[in-house]
Amino acid sequence: MLLITLKIAFTGSSLARFCSIALLAVVILALAGPTLIAWDPEEVDWQALETAPSLSHWFGTDLIGRDLFVRTLIGARVSLSIAIVATLVSVVIGIPWGALAGYLGGRADQIMMRIVDTLYALPFVLVVILLVVVFGRNPYLLFVGLGAIFWLDLARIVRGQTLRVREALFIDSARILGLPTWLIVLRHVIPNVIGPALVYATLTVPGVILAESFISFLGLGVQEPDTSWGVLIADGTQSMQSSPWTLVFPALFLALTVWCCNMLGDRFRDEMERATSRTHREVSAS
Amino acid sequence: MARYLAARLGYSLITFWVIVTLVFFLMRLAPGGPFDGERRLPPEVEANLNAAYNLDKPLAQQYVDYLSMLLSGDLGPSFRQKDFTVNELVVSGLPVSLTIGGLALLFAVLAGVSAGLTAGLRPGSRADIVVMGVTNIGIAMPTIIVAPLAILLFSVTLNWLPAGGIGSWRHYVLPPLALCLPFAAAIARLTRGSVAETLSEPHVRTARSKGLPMHRIVRRHILPIALLPVLSYLGPAAAALLTGSVVVEQVFDLPGIGRYFVQGALNRDYTLVMGVVVVYAGMILLFNLLVDSTYARLDPRIRLSG
């Protein structure tokens with residue numbers, strides 16, 4: 001993933017290059033920034049309550065005088081790590097589901113994909129909120145809940161890939177050797193579909209970022225003193241009349257990240273499609 | 001077509017049942033009762049409360065009771081707002097939510113289809129590039145950003161429209177506009193793609209070589225085919241629109257059911273949250289049925305089969 005981003009950063013079109021560089025910059029800032037900045041995310045600067053951007057506070061300060069730049073970067077850390085963990089959860093659910101449905105075929109496939117279709121139409125973010133209400137606020141819950149929304153796309157894609165792999169000779173020979181279904185799926189199907197599946201999984205990252213910021217915006221996700229882009233935007237909305245920068249900077253970071261992810265995602269998808277159609281041709285030619 | 005629709009109706013009912021069951025058991029799984037406060041209640045009071053809210057019976061019995069209550073259209077009392085039933089809250093909020101959501105959907109379809117059509121008819125033109133650029137940004141701007149920024153720009157700075165509340169028609173302009181932006185962008189991209197694709201189909205070439213005027217080709221030969229993907233997008237879009245309307249109601253201070261949902265979630269009002277999720281799920285399934293039946297009428301492959 002990181003390698004592909006780096007590759008695009010050096011070789012892609014100018015738009016793709018801009019996006020991958022911006023994305024890498026956000027990630028590096030989120031990782032290293034907070035330690036390099038003189039201000040602590042929870043430190044109050046009594047000399048500068050709610051001040052506009054200046055040399056000492058690049059993004060200004062919030063209502064109670066905390067440096068917005070460092071808080072935005074901490075928020076980036078939280079938002080991005082939730083997005084990555086939730087994406088991993090969606091991989092863990094979506095890949096086996098799709099591979100099993102595609103491998104089994106027939107009735108089982110129909111039922112499993114019908115379940116995916118059905119879930120697709122539901123307001124799942126609201127169900128995650130329901131989980132939060134029931135079990136209290138808990139970051140792990142947020143990871144699992146969000147991951148459980150986003151596996152649906154992945155299951156569809158993996159199923160499509162599996163339908164191709166299923167006809168291969170090595171699957172037949174595994175079956176003739178009498179391997180149980182779960183072992184065939186685990187050892188022979190999944191390794192052959194996992195590459196494209198992981199690339200597609202990165203497409204869910206912007207979706208998770210948006211969902212997390214939505215829940216946190218409503219005050220039901222990440223909580224003070226911890227922060228995320230959603231929390232910062234909610235705070236900024238409260239104080240935007242007197243200090244618009246508290247809204248604009250976190251919003252800019254969120255929108256830029258999601259936009260770059262979307263653009264790169266489109267690029268990945270195009271490249272994957274070209275690659276898979278090429279291998280498909282090679283397989284059918286040999 | 002009748003068989004297709006009957007199957008769809010069946011799936012919707014099953015889905016609805018699954019949702020209701022899921023929600024019910026989730027709520028009952030909750031650690032601690034809904035009345036756990038700072039102070040322990042005397043056991044008699046707690047028993048009375050549990051009896052009043054039907055929590056003292058065995059779980060299976062509660063489940064059956066809840067289902068039959070739902071069937072008669074009763075969502076139960078609110079745990080926190082003592083004098084209100086969930087029905088009253090939903091009924092008071094629904095008109096506002098439906099107005100905002102309906103207007104947003106309308107704006108999104110109108111703006112999205114016309115922008116997508118303009119771009120798709122001339123792929124690679126300047127209009128196409130502008131539309132694609134704007135929609136790219138639109139998709140990356142969630143409601144939580146668009147809504148406050150809209151207030152900042154149109155209410156605080158320009159002072160054109162009110163920043164919130166309900167009253168005259170002017171209160172119903174900004175919220176739907178803020179809500180519809182990402183959906184308008186998504187619809188524009190979908191329309192653009194399928195219009196550009198349909199444009200190169202043989203039947204469109206035939207219509208052109210017959211010398212039909214362009215507006216007629218668009219209306220009769222391109223749009224009916226190109227809009228099918230847009231139509232099937234409306235199902236998931238409605239679900240996402242509802243989610244977004246929760247934010248819009250919060251930001252613009254509108255008394256819709258989305259705000260009750262957030263309030264209920266913040267102070268753990270189980271029955272209210274449950275009721276709103278059930279209402280939302282029902283609305284989405286109903287809307288999906290509507291989309292499916294329109295689809296069935298428009299798509300000859302379904303219209304002419306069974």
Side-chain angles (χ1 to χ4, degrees), chain A residues 15 19 114-115 117-137 152 206-207 209-211 213-220 229-230 232-234 236-242 244 246-248 250-263 266, chain B residues 11-12 14-15 18-19 22-23 26-32 136-137 139-149 151-152 155-157 163 182 235-236 238-244 246-247 250-251 258 261-262 264-270 273-274 276-277 280-281 283-285 287-288 291:
Chain A
L15 182 66
C19 287
R114 172 59 68 183
I115 291 176
D117 288 344
T118 311
L119 295 180
Y120 217 67
L122 293 173
F124 253 89
V125 178
L126 302 186
V127 177
V128 173
I129 291 181
L130 201 73
L131 286 173
V132 173
V133 173
V134 170
F135 296 107
R137 264 167 267 197
L152 300 170
I209 293 179
L210 289 180
S213 64
F214 167 83
I215 295 172
S216 296
F217 179 85
L218 295 175
L220 294 161
W229 285 333
L232 288 170
I233 291 171
T237 303
Q238 294 298 318
S239 58
M240 66 180 173
Q241 295 214 22
S242 52
T246 53
L247 172 65
V248 170
L252 204 67
F253 262 68
L254 174 66
L256 181 74
T257 307
V258 170
W259 183 72
C260 289
C261 285
N262 283 339
M263 300 306 277
D266 286 351
Chain B
Y11 284 129
S12 309
I14 293 174
T15 313
V18 170
I19 289 285
L22 191 82
V23 168
L26 262 181
M27 285 300 182
R28 291 303 182 270
L29 269 179
N136 267 331
I137 296 171
I139 287 179
M141 297 273 276
T143 317
I144 61 166
I145 296 181
V146 176
L149 283 183
I151 292 183
L152 197 59
S155 308
V156 178
T157 314
L241 207 69
L242 269 184
T243 318
V246 174
V247 168
Q250 195 80 357
V251 173
F261 178 75
V262 177
L266 284 172
N267 59 27
R268 299 171 72 105
D269 190 337
Y270 289 164
V273 172
M274 215 164 142
V276 174
V277 172
Y280 272 159
M283 273 172 18
I284 286 168
L285 290 172
F287 187 78
N288 274 317
V291 168

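Below, chains carry the letters A, B, ... as their sequence lines are ordered, and counting in each starts from 1.
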Given the rule in the side-chain contact (heavy atoms from CB on, under 4.5 Å) test, do B:Tyr11 and A:Arg114 qualify, once you have shown the distances and angles that lead to the verdict? CA-CA 9 Å; B:Tyr11 284 129; A:Arg114 172 59 68 183; 3.4 Å; yes

Among A:Leu247, A:Asn262, A:Leu256, which has the most heavy-atom pairs under 4.5 Å with chain B? A:Leu247

From the list B:Ile145, B:Val251, B:Thr143, side chain to side chain contact (heavy atoms under 4.5 Å, CB included) partner of A:Phe217 resolves to B:Val251

Which atom names give the shortest non-hydrogen contact between A:Leu254 and B:Pro142, and what distance separates them? CD2-CG, 4.0 Å

Selection from B:Val247, B:Val276, B:Val277 maximising heavy-atom pairs under 4.5 Å formed with chain A: B:Val247

If you tally heavy-atom pairs under 4.5 Å against chain B, which of A:Pro250, A:Cys261, A:Ala251, A:Ala234 wins? A:Ala251

Pair count under 4.5 Å, heavy atoms only, with chain A: among B:Leu242, B:Val18, B:Val273, B:Asn136, highest is B:Asn136

Contacting region of B:Phe261 [heavy-atom separation from chain A under 4.5 Å]: side chain

Of the backbone (N, CA, C, O) and the side chain (C-beta and beyond), which part of A:Ile233 lies under 4.5 Å from a heavy atom of chain B, both, or neither? side chain

Is B:Leu149 in contact with chain A via its backbone, its side chain, both, or neither, using a 4.5 Å heavy-atom distance? both

